[in-house]
Amino acid sequence: MRTLHFTFHATVPPAQRAHVGVVGSGDLEILLQPGDGQGSSVDRAHVTVRTSVEGFDEIWQATLERFFARTPVLGTWELNDAAATPALVSLRLAQAAEASGATTSTGTEGEDAS
């Protein structure tokens, strides 16, 4: 089992803890714990990825960078991977952010494309 650690700039506090997904073949579990407002957690998201899949560190980095650029939710994120695809990772991250009650205005969701 590999453990990867990432830190991203974040500004949006979650209102509550969140738990989405399951650890099962091809899936991903995400646990989001709001920061305590102390120390370096003030403007950072700390992400720990536990995965049995080797050689995808750069894919994890890119997927997480894209997510936190659009959805900069503070807190401690724990991702328990069971060979999820990047698309599923992005979906579960968005679900966790929504379940936490975090609201962001940096994305383009809901904007008129005209």
Side-chain angles (χ1 to χ4, degrees):
M1 193 65 115
R2 294 181 44 76
T3 302
L4 308 172
H5 299 280
F6 302 95
T7 303
F8 298 96
H9 177 74
T11 57
V12 180
Q16 62 192 12
R17 294 180 187 164
H19 176 208
V20 298
V22 296
V23 182
S25 181
D27 210 340
L28 174 78
E29 173 187 57
I30 298 182
L31 304 160
L32 170 56
Q33 177 72 33
D36 59 8
Q38 303 293 321
S40 64
S41 293
V42 172
D43 65 351
R44 299 279 180 236
H46 302 280
V47 181
T48 300
V49 177
R50 290 178 190 85
T51 182
S52 59
V53 182
E54 296 280 338
F56 285 88
D57 299 22
E58 292 173 2
I59 301 296
W60 278 108
Q61 178 76 36
T63 301
L64 292 168
E65 281 177 357
R66 276 192 303 276
F67 173 76
F68 283 101
R70 291 186 320 268
T71 314
V73 178
L74 294 162
T76 301
W77 296 73
E78 293 183 39
L79 285 64
N80 299 308
D81 176 45
T85 64
L88 183 59
V89 171
S90 296
L91 172 68
R92 291 283 184 245
L93 288 166
Q95 288 173 329
E98 183 177 340
S100 76
T103 58
T104 64
S105 59
T106 59
T108 58
E109 295 178 40
E111 289 183 6
D112 190 335
S114 56

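Side-chain atoms are counted along with the backbone in the values below, which use heavy atoms only and exclude waters and symmetry mates.
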Search all heavy atoms of [X] against all heavy atoms of [Y] and return the closest pair with its distance.
X	Y	value
R50	T3	CG-OG1, 4.0 Å
G21	R92	CA-NE, 3.6 Å
P72	A10	O-CB, 3.3 Å
A96	A18	O-CB, 3.5 Å
A94	F67	N-CE1, 3.7 Å
G26	L88	O-CD2, 3.1 Å

Among the clusters formed by ILVMFWY side chains lying less than 4.5 Å apart, do [X] and [Y] turn up in the same one?
X	Y	result
L4	F56	yes
V53	V47	yes
V23	L79	no
V22	I30	no

Practice prompt. Could you check if a side-chain atom of V89 sits within less than 4.5 angstrom of a side-chain atom of I59, using non-hydrogen atoms only?
Written response: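 Not touching, per the 4.5 Å side-chain cut-off.
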Worksheet item: Do the side chains of L93 and T71 get nearer than 4.5 Å, heavy atoms only?
Response: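 Not in contact.
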Worksheet item: Do F68 and W77 have their ring centres less than 6.0 Å from each other?
Response: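 Yes - the distance between ring centres of F68 and W77 falls below the 6.0 Å cut-off.
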Between atom [atom1] of [X] and atom [atom2] of [Y], what is the distance when rounded to the nearest 0.5 Å?
X	Y	atom1	atom2	answer
T48	N80	OG1	CG	9.5 Å
F6	R44	CZ	CZ	15.5 Å
R17	T76	CZ	OG1	11.0 Å
H46	L74	NE2	CG	9.0 Å

Discussion item. Going by side-chain contact (heavy atoms from CB on, under 4.5 Å), S100 matches just one of P34, P14, P13. Which one?
Written reply: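 Per the side-chain contact (heavy atoms from CB on, under 4.5 Å) rule, the option paired with S100 is P14, out of P34, P14, P13.
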Fill in: A99 backbone acceptor or donor facing Q16 side chain under 3.5 Å
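Yes; at least one donor-acceptor contact below 3.5 Å.
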Discussion item. Taking atom CD as the centre, does Q33 end up with more than 12 heavy-atom neighbours from other residues, nucleotides or ligands that are less than 6.0 angstrom away?
Written reply: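 Yes, CD of Q33 has more than 12 neighbouring heavy atoms, counting only those of other groups under 6.0 Å.
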